[in-house]
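In this chain, residues are counted from 1 in sequence order. Counting starts at 1 for both ligands and their atoms, in listed order.
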Amino acid sequence: AKAAGTPMRIGVNSGSLPKHLHELERESSVEALVAAAVEFVELMERLDFDDFKVSIKSTSVPNTIASNRLLAQKIDYPLHLGITEAGTKWTGSLKSAVGLGTLLADGIGDTIRISLSTFHAEEEVKVAWEILKALKLRERGPVLIACPTCGRLQFDMDAVVTEVEQRLEAYDDPIEVAVLGCAVNGVGEASHADFGITGAKNQGVVYSKGEALRKVPQDQLVEVLFEEIDKYYAAGKRVVRDEREAAEGAAFLQEIEEENAGELTPERIAAMEAAAASGEALQNGLSLPMSKGPRKRVTLDESESPTAGRRFSRS
Ligand code: SF4
């Protein structure tokens, strides 16, 4: 590899550790994986070769997390992350998101690989991108926001979200698009979205950045949403607003909000809980970011893992 100028990936797999590490493996599979990786790294260094990255892979999410955390403390070479034979598209994506997401959030990992039981390798790439986008490590393509749904849902959320998600695949720009199942909260917590739709009483509103653009019959919501997105790009990334239509949409949202002012929606319950937590904290002499009082500065120790010692940490 050195003569050819070719980089290498050193792979250590829980299923194929060298024989002399089998006893250690019985005591601690994590330490055995890390010991194997360090031995290969030392061999490369003796050969004066440093154009490589190291990959420790296991089918176990906790072992992958623990071994990569330990390895990151021991060597200073790029790490390639993956969960071996993670499973089907559904379970494998979740396992990969939890395992790789935890490590990436710790700042560990330089390249990633998703292994799913599928012939459609492009699905693995999509999952990898979603993990990177969720952590805001990379921006690529639109981000879809969808409400959790509840009894107030005004349309078939599954069908609408699936259609919106599929049609958004044609766009490269990292715009945020929200789908809200009802207009009871107005545009609520998704008001920051670049574009969004919400519905009530067989009608719906397409909005942008918290402001209504158009009121349309509910069965045209998705079509009009994409019309507005296309107009935005045609105008050089400028929201094109028809004042009369925007006013009609805003009045409709206002009317729905007023009619449902007393409803306890998931969003309102969350807002009340946040307000209660803020009040409680103030009583205890603390100030939370959402409260209006003076904020208490919290100093983070950069050398500590942000998840160490937390309730769900394994450390
Ligand atoms: S109240 Fe909230 S969660 Fe329920 S459908 Fe409306 S937007 Fe979705």
Side-chain angles (χ1 to χ4, degrees), residues 90 93-94 97-98 101 130 133-136 141-169 171 174-229 232 239 241 245-280 288-291:
W90 170 240
S93 299
L94 284 172
V98 172
E130 287 305 319
K133 278 162 63 178
L135 286 165
K136 298 218 179 286
V143 175
L144 178 63
I145 303 164
C147 83
T149 76
C150 70
R152 297 165 189 85
L153 193 61
Q154 296 288 314
F155 46 76
D156 179 353
M157 188 62 137
D158 283 356
V160 170
V161 167
T162 303
E163 184 183 349
V164 171
E165 190 172 48
Q166 280 170 357
R167 291 179 66 164
L168 283 175
E169 284 180 9
Y171 298 78
I175 49 166
E176 261 188 357
V177 177
V179 179
L180 301 176
C182 79
V184 169
N185 300 303
V187 294
E189 289 172 10
S191 60
H192 56 278
D194 294 298
F195 288 93
I197 55 175
T198 182
K201 297 184 189 168
N202 291 324
Q203 303 284 320
V205 168
V206 178
Y207 70 90
S208 170
K209 294 280 181 197
E211 290 184 18
L213 290 178
R214 276 162 81 179
K215 175 185 164 196
V216 290
Q218 220 165 81
D219 58 0
Q220 293 172 23
L221 264 177
V222 176
E223 215 46 56
V224 174
L225 167 70
F226 282 93
E227 266 175 36
E228 294 298 330
I229 292 175
Y232 165 79
V239 177
R241 197 181 301 275
E245 285 190 308
E248 188 189 9
F252 176 70
L253 283 180
Q254 180 77 25
E255 177 192 319
I256 300 297
E257 259 193 281
E258 282 169 10
E259 276 177 20
N260 297 279
E263 292 265 340
L264 278 181
T265 62
E267 293 82 358
R268 284 182 189 148
I269 292 170
M272 285 162 68
E273 283 173 351
S278 173
E280 210 173 283
L288 296 179
M290 67 284 253
S291 71

Discussion item. Need the ligand 1 atom indices (1-based, order shown) with element for anything under 4.0 Å from a heavy-atom of Leu153.
Written reply: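 Contacts of ligand 1 toward Leu153, numbered from 1: 5 (S).
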
Practice prompt. May I ask you to decide if Val205's main-chain N or O and Thr198's side chain share a donor-acceptor pair within less than 3.5 Å?
Written response: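 A pair under 3.5 Å: no.
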
Item to complete: Sequence neighbours left out, what passes side chain to side chain contact (heavy atoms under 4.5 Å, CB included) with Val164? Give chain and number order.
Response: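 Listed in chain order: Leu144, Val160, Leu168, Val177, Val179, Val222, Leu225, Phe226.
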
Item to complete: Please list all pairs passing the ring-ring contact (aromatic ring centres under 6.0 Å, His included) test where one or both residues lie in residues 199-219, with sequence neighbours left out.
Response: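 Sorted pair list comes back empty.
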
Worksheet item: Which side chain to side chain donor-acceptor pair (under 3.5 Å) pairs, counting each pair once, include a residue from residues 154-164, with sequence neighbours left out?
Response: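 Sorted result for residues 154-164: Glu163-Arg167.
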
Discussion item. Between Arg214 and Glu227 (salt bridge meaning N to carboxylate O under 4.0 Å), is one present in this structure?
Written reply: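 Judged by the 4.0 Å cut-off on N to carboxylate O distance, Arg214 and Glu227 do form a salt bridge.
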
Discussion item. Any salt bridge linking Glu245 with Lys215? Criterion: basic side-chain nitrogen under 4.0 Å from a carboxylate oxygen.
Written reply: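 Salt bridge flag = no for Lys215 with Glu245.
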
Discussion item. Just to be sure I understand the site: which N, O or S atoms from the protein are less than 2.8 Å away from atom 2 (Fe) of ligand 1?
Written reply: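 Only Glu267 OE1, Glu267 OE2 fall inside 2.8 Å of atom 2 (Fe) of ligand 1.
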
